[in-house]
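For reference, the structure is listed below as structure tokens.
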Amino acid sequence: MQQKGAIQIIEWEDLDKRKFYSLGVFMTMTTRATVYPASLIRTRLQVQKGKALYSGTFDAFCKILRAEGVRGLYRGFMVNTFTLVSGQAYITTYELVRKYVSHYSPSNTVKSLVAGGAASLVAQTITVPIDVVSQQLMMQGQGEHLTRFKVKPKMMVAATKRKLTFGQTRDIVVQIFAADGFRGFYRGYVASLLTYIPNSALWWPFYHFYAEQLSLLAPSECPHLILQALAGPMAAATASTITNPMDVVRARVQVEGRSSVIETFKQLLAEEGVWGMTKGLSARIISSTPTSVLIVVGYETLKRLSLRAELVESRHW
């Protein structure tokens, strides 16, 4: 019988790093492919004025599927796969900072808060240029009138999928660089940090908090992985709700080419009121729920599979 509340956390020093990284790439790729359509829908909802194009998440899904097909839900996905690098950087930073902070504080909340924020800072520095390009690609099709950059018609009829995907990407990259120079690829960087650092810093403490609370309520024989799988989306919904206003501003800054986070926030508030701050929230929670379940189950399983051989027999789940 396991003691209630005793959720075992596998720390960095317990891992076989070779297994950890090789299995981690597969896990990250699978997760991104699963939730990408919801991310695309969220971006289009956040950028549109009022309800000019879509009335909600389900309406957007149906219209995109009808007008653009399944491929329309994966616009920019190939470019977005390059964020695999940032995913590995995020995991590594989180675990290393968590280990470092443990020398100064035994509190799991403090370790999770600091490590989550630091991991997001590193990851966003790598991710923002990729996001800028992929978001422009997401807006093509029904949403192209909402963005400054449009794919040239000749690229839309390329002979192969490879040419279509990377032809559009090259076209967008050239346009961004011509209009804004290298800085254009970091448009919205501050907004991204203001969105994702708090989101990450909040998610980890809430995740551990919910997991511990659930373990106190559940039967002692209940597998910890089930409790962690439930805690993940609960933490994601909490963090997403708190940080969504900044996420709306980030999307508009990056897609519309704005330069001021504060002015974008003021304009959004003036034009659409407080409810404008909730745009895309349902899509964000919908995407974060399976993402969190996959991340938690995948990440915790990954850590267990990557546990150093001599420690396997000493752990009970």
#### Entry: Cluster overlap Ile64 with Val70, hydrophobic side-chain contacts below 4.5 Å
yes
### Query
Is there a side-chain contact between Phe185 and Asp180, using heavy atoms and a 4.5 Å cut-off?
no
### Path from Tyr299 to Leu96 over hydrophobic side-chain contacts below 4.5 Å
yes
### Min side-chain heavy-atom separation Ile285-Thr241 under 4.5 Å
yes
### Message
Minimum heavy-atom separation for Val296 and Ala229, please, with both atom names.
### Response
CG1-N, 3.7 Å
## Note on the structure
Which of Gln140, Gln135, Met139 passes side chain to side chain contact (heavy atoms under 4.5 Å, CB included) with Arg75? Answer is Gln140
### Query
Could you state the interatomic distance from CD1 (Ile91) to NZ (Lys303), rounded to the nearest 0.5 Å?
9.5 Å
### Query
Same cluster for Val110 and Tyr94 if Ile/Leu/Val/Met/Phe/Trp/Tyr side chains link at under 4.5 Å?
no
### Query
At what distance, to the nearest 0.5 angstrom, does CG of Asn244 lie from CE of Met277?
10.0 Å
### Message
Just verifying a value: how many Å separate Ser192 OG and Asn199 CG, rounded to the nearest 0.5 Å?
### Response
11.5 Å
### Query
Is the closest side-chain heavy-atom distance between Val114 and Tyr100 below 4.5 Å?
no
### Query
Is it true that the side chains of Tyr21 and Thr92 contain a donor and an acceptor less than 3.5 Å apart?
yes
### Query
Hey, does the side chain of Arg284 reach the backbone of Ser240 with a donor-acceptor pair shorter than 3.5 angstrom?
yes
### Task
Just do the side-chain contact (heavy atoms from CB on, under 4.5 Å) check on Phe149 and Ile176 with the steps written out, would you?
CA-CA 7 Å; Phe149 307 113; Ile176 293 173; 3.7 Å; yes
### Task
Determine yes or no for a side-chain-to-main-chain donor-acceptor pair under 3.5 angstrom, with Lys63 supplying the side chain and Leu53 the backbone.
yes
### Query
Do Val174 and Val133 sit in the same hydrophobic cluster, where Ile, Leu, Val, Met, Phe, Trp and Tyr count as joined when their side-chain heavy atoms come under 4.5 Å apart?
no
### Task
Please confirm whether Lys17 makes a cation-pi placement over Trp12, using NZ or CZ under 6.0 Å from the six-membered ring centre and within 45° of the ring normal.
yes
### Task
State whether Arg42 and Asp247 are salt-bridged, where the test is any N-O pair (Lys NZ or Arg NE/NH1/NH2 against Asp/Glu carboxylate O) under 4.0 Å.
yes
### Message
So Met138 and Leu40, do their side chains get closer than 4.5 Å, heavy atoms only?
### Response
yes
### Task
Of all the heavy-atom pairs spanning Gly76 and Ser134, show the shortest one and how long it is.
O-CB, 3.8 Å
### Message
Within this structure, what is the CG-CG distance for the pair Leu302 and Leu307, rounded to the nearest 0.5 Å?
### Response
11.0 Å
### Query
Does one hydrophobic cluster hold both Val85 and Tyr186, with members joined at side-chain heavy-atom distances below 4.5 Å?
no
### Task
Enter the distance from Leu217:CG to Leu230:CG here, rounded to the nearest 0.5 Å.
11.0 Å
### Message
Using modelled atom types and a 3.5 Å cut-off, is there a donor and acceptor pairing between side-chain atoms of Arg304 and backbone atoms of Ile10?
### Response
no
#### Entry: Polar side-chain atom of Tyr74 near backbone of Ala33 as donor-acceptor pair, under 3.5 Å
yes
### Message
For Ser112 versus His208, what's the shortest heavy-atom pair and its separation?
### Response
OG-CD2, 3.0 Å
### Message
Could you check whether any side-chain N or O of Ser120 sits under 3.5 Å from a backbone N or O of Gly116, counting only pairs where one atom can act as donor and the other as acceptor?
### Response
no
#### Entry: SB check Glu68 Arg44 (cutoff 4.0 Å)
yes
### Query
Using 30° and 60° as the class limits, which term best fits the ring planes of Tyr90 and Trp204: parallel, tilted or perpendicular?
parallel
### Message
Nearest 0.5 angstrom please: Asn80 CG to Ile130 CD1, how far?
### Response
7.5 Å
### Message
Assess the residue pair Gln168 and Asp171 against the criterion (side-chain contact (heavy atoms from CB on, under 4.5 Å)); give the C-alpha distance rounded to whole Å, side-chain angles, the decisive distance to 0.1 Å, and a yes or no.
### Response
CA-CA 5 Å; Gln168 290 184 358; Asp171 197 23; 5.5 Å; no
### Query
What's the shortest heavy-atom distance between Ala283 and Leu45, and which atoms?
CB-CD1, 4.2 Å
### Query
Closest heavy-atom contact between Arg252 and Glu272?
NH2-OE2, 2.8 Å
### Sub-4.5 Å side-chain heavy-atom contact between Met246 and Val261
yes
### Task
Could you check if a side-chain atom of Lys19 sits within less than 4.5 angstrom of a side-chain atom of Leu305, using non-hydrogen atoms only?
no
### Message
Please check this pair: side chain of Ser200 against backbone of Tyr196, looking for a donor-acceptor N/O pair closer than 3.5 Å.
### Response
no
### Message
Taking Lys99's backbone N and O only, do any of them form a donor-acceptor pair with Ser102's side chain (distance below 3.5 Å, no angle check)?
### Response
yes
### Query
In this structure, are over 12 heavy atoms from other groups packed under 6.0 Å from Arg308 atom CZ?
yes
### Task
Might you work through the side-chain contact (heavy atoms from CB on, under 4.5 Å) test for Arg32 and Thr81, ending with a clear yes or no?
CA-CA 8 Å; Arg32 291 188 185 282; Thr81 58; over 6 Å; no
## Note on the structure
Residues Thr34 and Pro37: closest non-hydrogen pair is O-CD, 3.8 Å
### Message
Could you check whether any side-chain heavy atom of Glu212 comes within less than 4.5 Å of a side-chain heavy atom of Asn108, counting everything from C-beta outward?
### Response
no
### Under 3.5 Å: donor-acceptor pair, side chain of Thr289, backbone of Ile286
no
### Message
For Tyr189, is there any backbone N or O sitting under 3.5 Å from a side-chain donor or acceptor partner on Arg250?
### Response
no
### Task
Could you tell me whether the side chain of Thr238 reaches within less than 4.5 Å of the side chain of Trp203, counting heavy atoms only?
no
### Task
Check whether any side-chain N or O of Arg187 sits under 3.5 Å from a backbone N or O of Val253 as a donor-acceptor pair, and report yes or no.
no
